[in-house]
Amino acid sequence: MVNKIAASNYFQKAAEMNFIKKAMENVSNCQLLLNVEIKRVTGTVALNIPPHPSDRIWYGFVKKPIMDLVATPQVGETEVSYSAISDFIADKLRLEFQKLLVYPNMDDFYIPLLNSEVKSL
């Protein structure tokens with residue numbers, strides 16, 4: 001759909017206008033940031049330590065944790081303080097967190113010490 005709009009004659013003629021070119025340059029050179037503040041994550045975490053020769057420890061939440069987070073988008077130097085946008089982004093972050101770290105999904109980290117061979121005396 002975006003390609004259809006961009007290919008339309010009206011859009012092409014509008015894009016050739018000087019003031020629109022300048023506005024598009026300003027927008028394309030603008031830095032977009034997302035500030036995320038996680039205030040609290042409460043829940044039961046499961047640790048999965050597989051037997052040797054594994055060198056990883058797996059962790060994840062047993063069920064959906066309670067999360068308090070604030071997402072504040074920033075365009076250039078200006079923070080976007082529209083609560084509907086911030087709430088939408090925060091909900092998407094919570095959903096992504098759930099997809100990655102709530103059982104049966106888990107994350108892992110490498111511990112080299114677990115894979116070291118024990119020399120017998």
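Numbering of residues begins at 1 and proceeds along the displayed sequence. Computed from a prediction, not measured in an experiment: that's the story for all the values here.
- Residue pairs meeting the salt bridge (Lys or Arg N to Asp or Glu O under 4.0 Å) criterion with at least one partner in residues 93-106, sequence neighbours excluded, are Asp91-Arg94.
- Looking at Leu100 and Asn105, their side chains never come closer than 4.5 Å, going by heavy atoms from C-beta outward.
- Cluster membership check: Leu93 shares its hydrophobic cluster with Ile38, using side-chain heavy-atom separations under 4.5 Å among Ile, Leu, Val, Met, Phe, Trp and Tyr.
- Here the side chains of Ile111 and Ile57 are in contact, with some heavy-atom distance below 4.5 Å.
- Atom OH of Tyr103 is separated from atom CG of Asn48 by 8.5 Å, given to the nearest 0.5 angstrom.
- Here the closest non-hydrogen pair linking Phe61 and Val45 is CE2-CG2, 3.6 Å.
- The two residues Pro65 and Phe97 have their closest heavy-atom pair at CG-CE2, 3.6 Å.
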In residues 66-76, what donor-acceptor pairs under 3.5 Å come from side-chain atoms, sequence neighbours left out?
unit_1	atom_1	unit_2	atom_2	d
Asp68	OD2	Arg40	NE	3.2
Asp68	OD2	Arg40	NH2	3.2
Gln74	OE1	Asn35	ND2	3.1
Gln74	NE2	Gly76	O	3.3

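- In the hydrophobic clustering of this structure, Val62 does not group with Val102; members are Ile, Leu, Val, Met, Phe, Trp, Tyr whose side-chain heavy atoms approach within less than 4.5 Å, directly or through other members.
- Legend: residues meeting salt bridge (Lys or Arg N to Asp or Glu O under 4.0 Å) with Asp87, ordered by chain and number and at least two apart, are absent.
- Here Asp108 pairs with Arg56, Trp58 under the side chain to side chain contact (heavy atoms under 4.5 Å, CB included) rule; sequence neighbours left out.
- Linking ILVMFWY side-chain heavy atoms closer than 4.5 Å, directly or via other members, places Phe109 and Ile49 in a single hydrophobic cluster.
- For the side chain to side chain donor-acceptor pair (under 3.5 Å) test, residues two or more places apart in sequence or in another chain that qualify with Tyr59 are Asp107.
- Qualifying side chain to side chain contact (heavy atoms under 4.5 Å, CB included) partners for Lys63, counting only residues two or more places apart in sequence or in other chains: none.
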